[in-house]
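Okay, structure first, notes after.
Proteins get letters first, then strands, A, B, ... in listed order; numbering begins at 1 in each.
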Number of protein chains: 2
Amino acid sequence: MVRKPAKSNAKADAKAVSTRKPNMREAILAAAEELFSTYGFNAVSVRDIAQTAGANPGSVTYHFKTKDGLLLEIYRRHCGPMNRRRSELLAAARRVRDLQDRLEAIVRAYVLPAFTSGSDLAGGGTRFTRLRAIMSAEGNEVVRKIIAQTFDDTSHAFIDAIHESLPHIPRTDLVWRGHFLLGALYYTLVTPERVSRLSRGSADGTDAGHAIEELVRATVAALQAAPLDPATPPPRKAPGVTQGRALT
Amino acid sequence: MVRKPAKSNAKADAKAVSTRKPNMREAILAAAEELFSTYGFNAVSVRDIAQTAGANPGSVTYHFKTKDGLLLEIYRRHCGPMNRRRSELLAAARRVRDLQDRLEAIVRAYVLPAFTSGSDLAGGGTRFTRLRAIMSAEGNEVVRKIIAQTFDDTSHAFIDAIHESLPHIPRTDLVWRGHFLLGALYYTLVTPERVSRLSRGSADGTDAGHAIEELVRATVAALQAAPLDPATPPPRKAPGVTQGRALT
DNA sequence: ACCATATTTGTACTATCGTCCAAATATTCA
DNA sequence: TGAATATTTGGACGATAGTACAAATATGGT
């Protein structure tokens with residue numbers, strides 16, 4: 001990461017009235033989250049994080065041992081609340097009677113928590129999702145592990161719910177389309193010049209709201225598209241609800 | 001990037017019969033392309049590239065001056081052929097009579113060159129698109145510049161063509177959906193465990209082909225979805241053209 | 001107030017980074 | 001061939017990376 005030209009006043013700002021951070025650990029986490037999600041993991045140094053947090057580089061090592069440990073802690077912070085919120089919204093969506101409305105509610109249940117996290121300050125969900133997007137491109141081992149053990153269950157639950165709403169579409173196609181949804185969501189968040197005030201500032205700003213609506217609309221349509229499989233003619237009526245979930 | 005544990009035979013492989021690379025510059029480019037597209041720009045060092053290419057780190061500086069210069073040259077290599085191929089396919093797609101078929105042909109014209117580049121060796125297109133995906137997440141200044149001056153025109157041409165096939169949908173929505181397409185495409189390429197043999201090996205393997213078909217099917221459906229704007233009842237004619245940066 | 005503990009600081013270590021450069025070597029062309 | 005040029009080599013530079021550690025300082029319970 002590019003640091004500013006130093007500019008040490010060296011004399012004037014020496015004492016600085018001993019304003020100690022009430023919780024430096026939190027400040028470091030916040031700074032790391034912001035910097036990682038903006039510049040990527042590799043481009044940000046521990047010293048960058050410490051400086052942004054107003055801390056000493058040694059403090060970062062003290063609290064999180066390694067740079068990877070810091071990243072891991074950020075994930076730990078967000079994965080729980082985000083998945084909990086997703087489960088809640090998914091459960092509510094499943095109770096929607098109209099099939100079309102239910103499908104849309106399911107997609108919304110998946111997308112919404114990515115923008116508005118239940119935890120900490122405004123824009124937390126967006127920032128964390130942007131981080132996940134960047135990490136999925138950079139490919140970090142720590143992240144791969146925690147993602148596998150945290151998001152896989154939730155993802156399968158969503159695929160299952162979607163499959164119930166669209167029983168005539170093979171699961172394979174739905175998995176692909178869910179994959180595309182995630183890619184579209186990620187790319188929307190890592191392209192700040194497109195969705196300008198979406199990333200910073202209040203998480204329920206109109207820009208983020210519009211992006212969500214566009215994404216939901218497009219995804220629902222994509223999910224409903226006829227499957228590729230040439231052997232399966234179109235709708236028919238829903239046969240039996242396929243109870244057994246393949247792919248745990 | 002993590003380098004392997006050295007393991008210097010130090011004695012056995014000393015002379016190595018003076019096999020000089022016929023074109024070291026090309027070897028460096030190929031190595032850089034492969035490494036950047038796999039680990040990201042920041043995670044790969046000039047020494048990594050030199051070692052993979054069987055060159056001296058100084059040679060990289062000699063040929064490309066800086067690491068950024070090397071990245072720039074990779075983009076220069078691919079942008080031309082890829083956009084030329086896109087234009088050809090787009091022109092052919094525009095001549096399709098049936099509106100539904102035409103829309104699908106347009107989407108295919110956008111997606112196909114991302115997988116199979118006209119230039120160099122097998123998988124070149126896939127590799128370069130994977131690189132673009134990673135760079136869009138990492139955010140490099142050099143890339144931003146060349147992307148702006150290379151892809152904007154092509155992207156607008158595609159949006160225009162799509163808009164002709166779907167005149168009742170506001171351009172804004174089409175821009176969003178094209179944006180989602182690119183995100184889905186990128187994410188498909190940077191997630192190798194999902195589309196396993198897609199990235200390496202032959203570029204027209206069945207896996208890549210299947211991914212393309214899934215992506216095209218989903219995108220066409222998404223593009224055809226009803227627009228968001230509540231003020232615009234279904235068909236009608238397209239109002240003014242809202243120019244926006246599309247599909248970098 | 002005192003002590004035990006938690007945290008912060010400053011500094012130092014080693015490794016690797018991008019880039020530079022002079023010498024060595026290969027290539028090209030008269 | 002010999003001279004001019006192009007390329008490669010190996011080593012070096014300063015900057016910065018992640019991490020470690022002892023000393024300094026703040027905090028909390030008694």
- Grab the NZ-P distance between B:Lys67 and C:dC20 for me, whole Å please. 15 Å

- Query: Any side-chain N or O of B:Ser59 less than 4.0 Å from the OP1 or OP2 oxygen of D:dT8?
  - Reply: yes

- Heavy atoms under 4.0 Å, any strand shown: does B:Val44 hit a base, just sugar-phosphate, or nothing? sugar-phosphate

- C:dC17 OP1/OP2 closer than 4.0 Å to side-chain N/O of B:Ser45: yes

- Option passing side chain to side chain contact (heavy atoms under 4.5 Å, CB included) with B:Tyr110 (candidates B:Leu182, B:Leu89, B:Val216): B:Leu182

- Give the rounded distance in Å between these two atoms: CE of B:Met24 and C1' of C:dT27. 15 Å

- Task: Return no unless some side-chain N or O of B:Tyr62 is found under 4.0 Å from OP1 or OP2 of D:dT8.
- Result: no

- B:Asp68 atom CG is separated from C:dT19 atom P, nearest whole Å, by 7 Å

- Check whether any side-chain N or O of B:His63 sits under 4.0 Å from OP1 or OP2 of D:dA6, and answer yes or no. no

- Message: Nearest whole Å is fine: how far is D:dT16 P from B:Asn42 CG?
- Response: 16 Å

- Using the side chain to side chain donor-acceptor pair (under 3.5 Å) rule, take A:Ser155 and A:Asp152 through it: C-alpha gap first, then chi angles, then the decisive distance, then the call. CA-CA 5 Å; A:Ser155 300; A:Asp152 275 9; 5.3 Å; no

- Rounding to a whole Å, what distance do you find between A:Arg47:CZ and C:dC17:C1'? 13 Å

- Item | Polar contact flag, side-chain donor to acceptor under 3.5 angstrom, A:Glu33-A:His78 | yes

- Item | For atom CG of B:Asp48 and atom C1' of C:dT16, their distance in whole Å | 10 Å

- Task: Quick one: sort the B:Phe41 and B:Phe36 rings into parallel, tilted or perpendicular, breaks at 30° and 60°.
- Result: tilted

- Protein-nucleotide distance (A:Ile28, atom CD1; C:dT8, atom P), rounded to Å: 7 Å

- Item | Between C1' of C:dC17 and CD1 of B:Ile49, the distance in whole Å | 12 Å

